[in-house]
Amino acid sequence: MSDKPICRICGGALREFLDLGPQPMGNAFVPPDKRDDEAFAFRFRLAVAMCEACTMVQLIDYVQHDQMFHSAYPYRSSGSSVMRAHFEDLAGRFLSEELTGSDPFIVELGSNDGIMLHTIAKAGVRHLGVEPCGDVAEVGRSNGIRVVNEFFDEDLAARILADDGKADVVFAANTFSHIDFLDSILRGIKNLLAPGGVFVFEDPYFGDIVQRASFDQIYDEHIFFFTARSVQDMAARYGLELVDVELLPVHGGELRCVLAHTGARPVSPAVTELLKQEEEQGLTDSATLTRFADGVRELGENLVARLRELRDQGKRVVGYGATAKSTTLLNYCGITPDLVSFICDSTAEKQGRLTPGTLIPIESPEAFADPYPDYALLLAWNHKDEILEKEAAFREAGGRWIHYVPDVRID
Ligand code: SAH
Ligand code: TMP
Ligand code: ZN
């Protein structure tokens, strides 16, 4: 008999509520010469559970961190102008609100290509990016930021503390939820943070995932799905306190959390408000989770039915945005090149490769208009406004977009 899975935060019992089947890694885009090996390549069971004790939503099985994050990791944060503006704005806020002492210091986990820290570097403020993926760490350096090419953990935190002193801000965007060893991370941050400092992180919000049935937010790198309640409980275990929250429109709906040393800062009314809202919505009630899982199955069936209809009518459908999210969608629904002939994506590192598990070719955005397809499946739905504006000529030429969040819709 296998051991029952337990919560990685508190050791409580896990209750599974969704199984998306065997899945490849979200960002494991396949080089064309490896296509014949893909049927036998790595898969893991992508299943999600909630902890019955602390309510943390989390993957049951997960992939080792060095399998996901390595020198050839293809994700480049700066591919979206909306995200560039988002992080420039946030960096401005850090500079005016938090990094105001005599010699302030900020550490970012998952600094990627320097999308946030380049603004801090330009302002001449002491900073350190922590980025374990070698190629993108190098891109960050070329964008003028100081980077250590390692995984952040308790040991690295101690070395940063010895070399650079305490941090006024520790920041992590779309990174904290990607790490299975949060215990070491939180102990490291507790030691590294200045007495009045803050740890700020932003990740997909579980409330938005449930509300939009956006199950493609679930893939290997997204190990935890936070709520105000589960973060408050987790922080308290490490002598930290949730002092502020903000709901963000980016990446399909995210939660920004601000943690401080317990008692060091007043708790914002926004925390109480969001906790109340989650309670009223019954966000982690088993009835809500069951409804969510039923909605996922229905959405998947509807999407495949529409794509088959279009194929049978002889229409040409291409995908837009080879996101890690779409790996879950395509594999769960069994969408292969007979339904979506190729996917265009602006990331050079993804072009010329094939989607993990489903082997749909990835091409550059120029291929989109050459000639336009009849329909485009918007896989990068979290960048909808930016992409629809950029590709306005497609719609004007008679092309139609297929959306699937929060439900399947063609317009
Ligand atoms: N912050 C960027 C990048 C998110 S992608 C953005 O919001 O767009 C996630 C990043 O986290 C990757 O670049 C990955 O290399 C990094 N990462 C993963 N585990 C990490 C760890 N333990 N410490 C620091 N960075 C980590
Ligand atoms: P993300 O959802 O993880 O941010 O990934 C978005 C993907 O979509 C990324 O591979 C880049 C791609 N993309 C485009 O191809 N064109 C665009 O205009 C935008 C915003 C993203
Ligand atoms: Zn727990």
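Counting starts at 1 for both ligands and their atoms, following the listed order. Everything numeric here is computed off the predicted structure, so don't read it as measured data.
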Novice: How many angstroms lie between NZ in K325 and CD1 in I218, if you round to the nearest 0.5 Å?
Specialist: 12.5 Å

Novice: Mind checking whether N174 has an N or O less than 3.5 Å away from an N or O of ligand 1?
Specialist: yes

Novice: Which protein heavy atom lies closest to atom 16 (C) of ligand 1, and at what distance to 0.1 Å?
Specialist: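 Checked against all protein heavy atoms, atom 16 (C) of ligand 1 sits closest to G110 CA, 3.7 Å.
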
Novice: What atoms of ligand 2 come closer than 4.0 angstrom to any heavy atom of H251?
Specialist: 4 (O)

Novice: What protein heavy atom sits nearest atom 15 (O) of ligand 2, and how far off is it?
Specialist: S346 N, 2.8 Å

Novice: Side chain or backbone, does I179 bring an N or O within less than 3.5 Å of an N or O on ligand 1?
Specialist: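 N/O-N/O distance below 3.5 Å does not exist for this pair.
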
Novice: Flag N382 as yes when one of its N or O atoms lies below 3.5 Å from any N or O atom of ligand 2, and as no otherwise.
Specialist: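 Min N/O separation from ligand 2 is below 3.5 Å for N382.
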
Novice: Is it the case that S184 and D153 place a side-chain donor and acceptor less than 3.5 Å from each other?
Specialist: no

Novice: May I ask you to list the atoms of ligand 1 that are less than 4.0 angstrom from any heavy atom of C133?
Specialist: 15 (O)

Novice: Check each of L388, I343, D216, T323 against atom 6 (C) of ligand 2 and report the one with the nearest heavy atom.
Specialist: T323

Novice: I need the nearest protein heavy-atom contact for atom 17 (C) of ligand 2: residue, atom name and distance, please.
Specialist: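 Nearest neighbour among protein heavy atoms for atom 17 (C) of ligand 2, to 0.1 Å: K390 NZ, 3.4 Å.
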
Novice: May I ask which of S77, G140, G134 has a heavy atom nearer to atom 2 (C) of ligand 1 than the others do?
Specialist: S77

Novice: Examine the proximity of ligand 2 to M83 and report which part, side chain or backbone, both or neither, has a heavy atom under 4.0 Å away.
Specialist: neither

Novice: Going by the order shown, which atoms of ligand 2 are within less than 4.0 Å of some heavy atom of G321?
Specialist: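 In order of number, 8 (O).
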
Novice: Would you call the rings of H251 and H383 parallel, tilted or perpendicular if under 30° counts as parallel and over 60° as perpendicular?
Specialist: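 H251 vs H383 ring planes: perpendicular.
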
Novice: Contact between R76 and ligand 2, counting heavy atoms under 4.0 Å?
Specialist: no

Novice: What do you reckon, does V136 put a non-hydrogen atom under 4.0 Å from ligand 1?
Specialist: no

Novice: Whether the side chain of D374 engages the backbone of K315 through a donor-acceptor N/O pair (distance < 3.5 Å, no angle test) should be reported.
Specialist: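 Here the side-chain-to-backbone pair does not exist.
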
Novice: One residue to check: I387. Relative to ligand 2, which of side chain, backbone, both or neither has a non-hydrogen atom less than 4.0 Å away?
Specialist: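 Within the 4.0 Å criterion, I387 contacts ligand 2 through side-chain atoms alone.
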
Novice: Rounded to the nearest 0.5 Å, how far apart are CG of L186 and CD1 of I179?
Specialist: 9.5 Å

Novice: Looking only at distances, please establish whether an N/O atom of ligand 1 is found under 3.5 Å from an N/O atom of F69.
Specialist: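 Between F69 and ligand 1 (N or O atoms, distance only) the closest approach is not under 3.5 Å.
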
Novice: For H178 and ligand 1, does the shortest N/O to N/O distance drop below 3.5 Å?
Specialist: no

Novice: Should D168 and K166 count as an ion pair when the cut-off is N to O under 4.0 Å?
Specialist: no

Novice: Could you tell me whether R8 and D180 make a salt bridge, using a distance below 4.0 angstrom between a side-chain N and a carboxylate O?
Specialist: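 No, this pair does not count.
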
Novice: For the pair R297 and D294, find out whether any cationic side-chain nitrogen is under 4.0 Å from an anionic carboxylate oxygen.
Specialist: yes

Novice: With nothing but distance in play, are any N or O atoms of Y75 less than 3.5 Å from an N or O of ligand 2?
Specialist: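 Yes.
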
Novice: How are the rings of Y372 and F368 set relative to one another: parallel (under 30°), tilted (30 to 60°) or perpendicular (over 60°)?
Specialist: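 Perpendicular, since the angle between the ring planes exceeds 60°.
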
Novice: Angle class for the F69/Y73 ring planes (parallel below 30°, perpendicular above 60°, tilted otherwise)?
Specialist: perpendicular

Novice: Indicate yes or no: does D164 engage R146 in a salt bridge with an N to O separation below 4.0 Å.
Specialist: yes

Novice: How are the rings of F201 and F176 set relative to one another: parallel (under 30°), tilted (30 to 60°) or perpendicular (over 60°)?
Specialist: tilted

Novice: E131 near ligand 1, heavy-atom distance under 4.0 Å?
Specialist: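 Yes, E131 has a heavy atom closer than 4.0 Å to ligand 1.
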
Novice: Report yes if S80 has an N/O atom closer than 3.5 Å to an N/O atom of ligand 2; otherwise report no.
Specialist: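 No, there is no polar N/O contact under 3.5 Å.
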
Novice: If the Zn ion (ligand 3) is the vertex, what is the angle to SG of C54 and SG of C7, rounded to 10 degrees?
Specialist: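 Here the angle at the metal atom is close to 110°, to 10°.
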
Novice: What part of F181 sits under 4.0 Å from ligand 1 if we count only heavy atoms: the side chain, the backbone, both or neither?
Specialist: side chain

Novice: Out of curiosity, is V130 lining ligand 1, as in a heavy atom under 4.0 Å away?
Specialist: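 Yes, V130 has heavy atoms under 4.0 Å from ligand 1.
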
Novice: Rounded to the nearest 0.5 Å, what separates atom OH in Y404 from atom CG in L329?
Specialist: 4.5 Å

Novice: Under 4.0 Å from a heavy atom of E386: give me the atoms of ligand 2 that qualify, with their elements.
Specialist: 20 (C)

Novice: Got a donor-acceptor contact below 3.5 angstrom from the T327 side chain to the P356 backbone?
Specialist: no

Novice: Looking at ligand 1, does any of its N/O atoms fall within less than 3.5 Å of an N/O of T175?
Specialist: yes

Novice: Counting non-hydrogen protein atoms only, what is the nearest one to atom 23 (N) of ligand 1? Give residue, atom name and distance.
Specialist: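 Here the nearest protein heavy atom works out to F152 N, 2.9 Å.
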
Novice: Considering distance alone, does some N or O of I185 sit under 3.5 Å from an N or O of ligand 1?
Specialist: no

